[in-house]
Amino acid sequence: MSAPPTDPPRAPDPGRDNTGGAAHPTSGPFTRDESASLVAEFRRLAIMSGWKRKTKTYKQERRKRLAEWATEDFEDTFGVLANNLQGWQRLCRHLGLDEPEHYLGSITDCKKALKPVFVNIIDLIDSVKMETRPKIFNSADALARYIDNTGKAYPREKAKTSPLLSNFLIEVGPRRRRRRKKRSKDGNETQNA
């Protein structure tokens with residue numbers, strides 16, 4: 001019988017664009033410090049690039065860069081293969097879902113353990129770097145409010161490409177509010193994750 005699939009170890013990719021595509025005329029190209037917080041690194045890039053907060057460019061670049069960097073860091077840490085049990089187990093253990101409370105013998109067991117977990121993806125990545133645990137929210141609503149307040153949103157279309165990341169999808173913003181109003185009018189409760 002063959003060994004379970006594992007993600008191949010990732011060697012540093014000299015072709016990976018750590019620059020964020022930006023350069024400031026006086027400071028040269030931006031090189032991301034992959035051990036630093038994603039938000040802190042974006043702030044540094046924004047200052048170097050001259051992007052002002054609350055401008056369209058700042059918001060677009062923030063969303064784009066945080067998503068790119070979070071995806072790279074998540075895949076480096078937890079892998080990309082949907083059938084990699086070790087990646088699922090690493091994710092569960094980082095979130096404090098260790099045995100004996102949670103048996104993590106299969107991917108299905110890991111998915112069951114992760115189902116009630118509401119965590120911000122950007123904070124999850126930063127917690128790995130800082131060797132801490134991310135804040136786990138009591139509900140999707142609490143997490144959605146946090147995302148709305150901090151702007152630490154991760155694009156749905158990006159998360160759908162990763163089976164591990166897609167576990168953490170919830171609806172936020174106007175779409176979530178419309179759906180909640182509809183639920184309250186018809187009295188039915190549906191799960192939106």
Colleague: Quick one: list whatever passes salt bridge (charged side-chain N to carboxylate O under 4.0 Å, His left out) with Arg133, sequence neighbours left out.
Modeller: Asp98

Colleague: Could you check if a side-chain atom of Phe118 sits within less than 4.5 angstrom of a side-chain atom of Asn138, using non-hydrogen atoms only?
Modeller: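 They are not in side-chain contact.
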
Colleague: Trp69 vs Phe42 aromatic rings, parallel, tilted or perpendicular, using cut-offs 30° and 60°?
Modeller: tilted

Colleague: When rounded to the nearest 0.5 angstrom, what distance separates NZ in Lys59 from CZ in Arg53?
Modeller: 10.0 Å

Colleague: Got a sec, which residues hit side chain to side chain contact (heavy atoms under 4.5 Å, CB included) with Lys112, two or more places apart in sequence or on another chain?
Modeller: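 Listed in chain order: Thr108.
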
Colleague: Look at atom CD of Glu131 and say whether more than 12 heavy atoms of other residues, nucleotides or ligands are closer to it than 6.0 Å.
Modeller: no

Colleague: Look up atom CD1 in Ile125 and atom CD in Glu34, then write down how far apart they are to the nearest 0.5 Å.
Modeller: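 Going from CD1 on Ile125 over to CD on Glu34, the span is 11.5 Å.
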
Colleague: State which residues pass side chain to side chain donor-acceptor pair (under 3.5 Å) with Ser106; sequence neighbours excluded, sorted by chain then number.
Modeller: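 For Ser106 the side chain to side chain donor-acceptor pair (under 3.5 Å) partners, ignoring immediate neighbours, are Asp109.
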
Colleague: Restricting to side chain to side chain donor-acceptor pair (under 3.5 Å), what partner residues turn up for Arg44, sequence neighbours left out?
Modeller: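 Expected list: Glu41.
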
Colleague: By salt bridge (charged side-chain N to carboxylate O under 4.0 Å, His left out), which residues pair with Arg63, not counting sequence neighbours?
Modeller: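 For Arg63 there are no salt bridge (charged side-chain N to carboxylate O under 4.0 Å, His left out) partners, ignoring immediate neighbours.
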
Colleague: Just jot down the ring pair (Phe, Tyr, Trp, His ring centres under 6.0 Å) partners of Tyr103, sequence neighbours excluded, or say none.
Modeller: none

Colleague: Mind checking whether Leu124 and Leu104 sit in one hydrophobic cluster, side chains of I, L, V, M, F, W, Y counted as touching below 4.5 Å?
Modeller: no

Colleague: Following the transitive rule for hydrophobic clusters with a side-chain heavy-atom cut-off under 4.5 Å over Ile, Leu, Val, Met, Phe, Trp and Tyr, establish whether Leu38 and Trp51 coincide in one cluster.
Modeller: yes

Colleague: Rounded to the nearest 0.5 Å, what separation is found between the SG atom of Cys110 and the CZ atom of Arg93?
Modeller: 7.5 Å

Colleague: If you measure from OG1 on Thr57 to NZ on Lys52, what distance do you get to the nearest 0.5 Å?
Modeller: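 Result: 12.0 Å between the selected atoms.
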
Colleague: Sorted by first residue and then second, give each ring pair (Phe, Tyr, Trp, His ring centres under 6.0 Å) pair with at least one member in residues 144-165; sequence neighbours left out.
Modeller: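 Checked against ring pair (Phe, Tyr, Trp, His ring centres under 6.0 Å) - neighbours excluded - the pairs reaching residues 144-165 are Phe137-Tyr146.
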
Colleague: What pair of heavy atoms forms the shortest contact from Ala144 to Ile170, and how long is it?
Modeller: N-CD1, 3.7 Å

Colleague: For Ser37, enumerate each residue passing the side chain to side chain contact (heavy atoms under 4.5 Å, CB included) test, keeping only those at least two apart in sequence or located in another chain.
Modeller: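 Partners of Ser37 under the side chain to side chain contact (heavy atoms under 4.5 Å, CB included) test: Val39, Ala40, Asp126, Met130.
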
Colleague: Any chance you could measure Thr150, atom OG1, to Asn120, atom CG, to the nearest 0.5 Å?
Modeller: 6.0 Å

Colleague: Given Glu68 and Arg32, is the salt bridge (charged side-chain N to carboxylate O under 4.0 Å, His left out) satisfied, shown in steps?
Modeller: CA-CA 12 Å; Glu68 286 174 5; Arg32 180 167 77 100; over 6 Å; no

Colleague: Test of understanding: with side chain to side chain contact (heavy atoms under 4.5 Å, CB included), list the residues that count as partners of Leu164, not counting sequence neighbours.
Modeller: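 Result, side chain to side chain contact (heavy atoms under 4.5 Å, CB included) vs Leu164: Phe74, Phe78, Trp88, Leu91, Ser162.
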
Colleague: Rounded to the nearest 0.5 Å, what separates atom CZ in Arg43 from atom CZ in Arg62?
Modeller: 7.5 Å

Colleague: How about His94 and Arg90: do any of their side-chain heavy atoms sit closer than 4.5 Å?
Modeller: no

Colleague: Identify whether Leu45 and Tyr58 are in the same connected component of the hydrophobic contact network (ILVMFWY, side-chain heavy atoms under 4.5 Å).
Modeller: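 Yes, because Leu45 and Tyr58 connect within a single hydrophobic cluster, where side-chain heavy atoms sit under 4.5 Å apart.
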
Colleague: According to side chain to side chain donor-acceptor pair (under 3.5 Å), who are the partners of Asp33, at least two apart in sequence or on a separate chain?
Modeller: Ser35

Colleague: Taking the side chain as every heavy atom from C-beta outward, state whether Leu143 and Val119 have any pair of such atoms under 4.5 Å apart.
Modeller: no

Colleague: Taking only residues two or more places apart in sequence or in another chain, which ones pass salt bridge (charged side-chain N to carboxylate O under 4.0 Å, His left out) with Lys152?
Modeller: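 Testing Lys152 for salt bridge (charged side-chain N to carboxylate O under 4.0 Å, His left out), a comparison that skips the adjacent residues, returns Asp123.
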
Colleague: Can you list everything that forms a salt bridge (charged side-chain N to carboxylate O under 4.0 Å, His left out) with Lys129? Sequence neighbours excluded, please.
Modeller: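 Checked Lys129 against salt bridge (charged side-chain N to carboxylate O under 4.0 Å, His left out); matches are Asp73.
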
